[in-house]
A.B. asks: 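Structure below; questions to follow.
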Amino acid sequence: MFLLTPALAQDNSPESIPDNRPPHPAPKPPPQPYGGGTPLDVIMHSKFWVDPPQMAPFVREARPSTDTLNYTPTSGTEPKRPPLRTTTELQQMEDQLENAGAHNEAAAGFKTRHFQAQKRPKKPKLQGSYVRGAPKLSTRSLGKS
């Protein structure tokens with residue numbers, strides 16, 4: 001006959017805890033990503049380059065001084081550029097490209113069309129002999145000989 005009796009080691013009364021027991025260690029902080037902090041912190045505090053070593057004396061003597069080198073400046077005055085195009089000029093350029101694309105598609109015989117030919121505005125017709133193909137006026141037709 002076995003009787004189950006509570007074990008004395010499981011008793012959590014303050015009298016049962018010895019005074020010479022070591023304290024619990026402090027909980028460890030959770031590990032930081034990438035070795036500590038945010039990825040931006042890691043990038044800002046990491047050194048991703050190598051400092052070049054000192055040049056040997058014969059290398060320093062062989063190189064010309066920086067004053068005599070003719071470098072093209074990377075900053076300074078802004079170069080003169082043509083003025084920006086107006087919206088009508090841009091629209092004309094777009095129409096030209098669309099017309100060229102439509103012409104090339106028609107010449108190639110494509111069935112699907114990706115370009116639409118733009119209609120050109122009609123020029124006003126001029127009266128008299130300035131119109132192409134119109135008969136020239138002569139003094140004979142006016143009754144003068």
A.B. asks: Ignoring hydrogens, what is the shortest heavy-atom contact between M55 and R63? Give both atom names and the distance.
C.D. replies: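 Looks like SD-NH1, 3.4 Å.
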A.B. asks: Can you sort out the partners of T86 under side-chain hydrogen bond (donor to acceptor under 3.5 Å, both in side chains), two or more places apart, ordered by chain and number?
C.D. replies: T88
A.B. asks: Testing the basics here: between T68 and P64, what is the closest heavy-atom pair and its distance to 0.1 Å?
C.D. replies: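 Closest approach of T68 to P64, heavy atoms only: OG1-CB, 3.8 Å.
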A.B. asks: What pairs with D95 under side-chain hydrogen bond (donor to acceptor under 3.5 Å, both in side chains), at least two apart in sequence or on another chain?
C.D. replies: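 side-chain hydrogen bond (donor to acceptor under 3.5 Å, both in side chains) list for D95, sorted by chain: Q91.
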A.B. asks: Can you give me the closest heavy-atom contact between M93 and R85, atom names plus distance?
C.D. replies: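 Closest pair (atom of M93, atom of R85, distance): SD-CD, 3.6 Å.
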A.B. asks: Once rounded to the nearest 0.5 Å, what's the spacing between atom CG of L97 and atom CD of Q92?
C.D. replies: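 The CG atom of L97 sits 12.0 Å away from the CD atom of Q92.
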A.B. asks: Does atom CD (E89) have a neighbourhood of more than 12 heavy atoms from anything else shown, all under 6.0 Å?
C.D. replies: yes
A.B. asks: Does atom CG of L69 have more than 12 heavy-atom neighbours from other groups under 6.0 Å away?
C.D. replies: yes
